[in-house]
Amino acid sequence: DAGVIQSPRHEVTEMGQEVTLRCKPISGHDYLFWYRQTMMRGLELLIYFNNNVPIDDSGMPEDRFSAKMPNASFSTLKIQPSEPRDSAVYFCASSLLGANYGYTFGSGTRLTVV
Amino acid sequence: SQQGEEDPQALSIQEGENATMNCSYKTSINNLQWYRQNSGRGLVHLILIRSNEREKHSGRLRVTLDTSKKSSSLLITASRAADTASYFCATDGYDKLVFGAGTILRVKS
């Protein structure tokens, strides 16, 4: 398996633009997580899915953020409109049986909003 | 919010020395996990220790867990320059993991 695949690796966009981050989890994993990493706040859980259903989105900072998982092999995180404070590294991770086993993380998307 | 707190925040050692990192947490757990993150990369799962276990080994890694003190430690023996990375502990809250702020380890060759 190629692991968790995220795209793009880097994204630079102007304030106000829409940004879409993509994630392909490991086949067979039933949980998918979106995290954001910044120097100030560390790793924050934004939202997670179980069997493609959103379970907890309490970490999503604002209504500008939305996430979908239309099928077991694809998820998106969208920011509309983007703001400079959204600049961070966004990670997608997948796992089997939630936190009972280790997570596999993607390489992340470094987002810069100017 | 961060459940786990790592200590120290940063650690610099010579190659061949042992490195010890500590993690304290607040609420009861089912398991505690340690991850490594190399600069510019995603996190990599190192080891998981369950609440009914006290010690676990994996290669040069040794993890201990003291649920009465709500603390864990990660020991890396005979460190190598390639061990230079950030190390995070993570505790489980229902289905999800909550990560600490991490310890930055630098191994000098």
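In what follows, every heavy atom counts, from backbone to side chain, and hydrogens, waters and symmetry copies are set aside. Order of the sequence lines fixes the chain letters, A, B, ..., with proteins taken first and strands second; residue numbering starts at 1 for each chain.
Across A/Asn100, A/Val89, A/Asp56, A/Thr104, the residue that shares the most heavy-atom pairs under 4.5 angstrom with chain B is A/Asn100.
With 3.5 Å as the limit, one finds no donor-acceptor pair spanning the side chains of B/Asp7 and B/Gln9. Between the side chains of A/Tyr35 and A/Gln37, no donor N or O sits under 3.5 Å from an acceptor N or O.
Salt-bridge check for B/Asp83 with B/Arg36: failed, with every basic side-chain N at 4.0 Å or more from each acidic carboxylate O. With respect to B/Arg80 and B/Glu15, no salt bridge is recorded, no charged nitrogen being found less than 4.0 Å from a carboxylate O.
Using a 4.5 Å heavy-atom cut-off against chain A, the contacting residues of residues 37-71 of chain B are B/Gln37, B/Gly40, B/Arg41, B/Gly42, B/Leu43, B/His45, B/Leu48, B/Arg50.
Neither the backbone nor the side chain of B/Asn30 comes within less than 4.5 Å of any heavy atom of chain A.
Each of A/Tyr103, A/Phe91, A/Tyr90 was compared with A/Phe33 under the ring-ring contact (aromatic ring centres under 6.0 Å, His included) criterion, and only A/Tyr103 meets it.
In this structure, A/Ser82 and A/Glu18 have side chains that are not in contact, with every pair of non-hydrogen atoms separated by 4.5 Å or more.
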Self-check item: Residues A/Phe74, A/Met69; criterion side chain to side chain contact (heavy atoms under 4.5 Å, CB included); working and verdict
Solution: CA-CA 6 Å; A/Phe74 184 65; A/Met69 192 165 186; over 6 Å; no
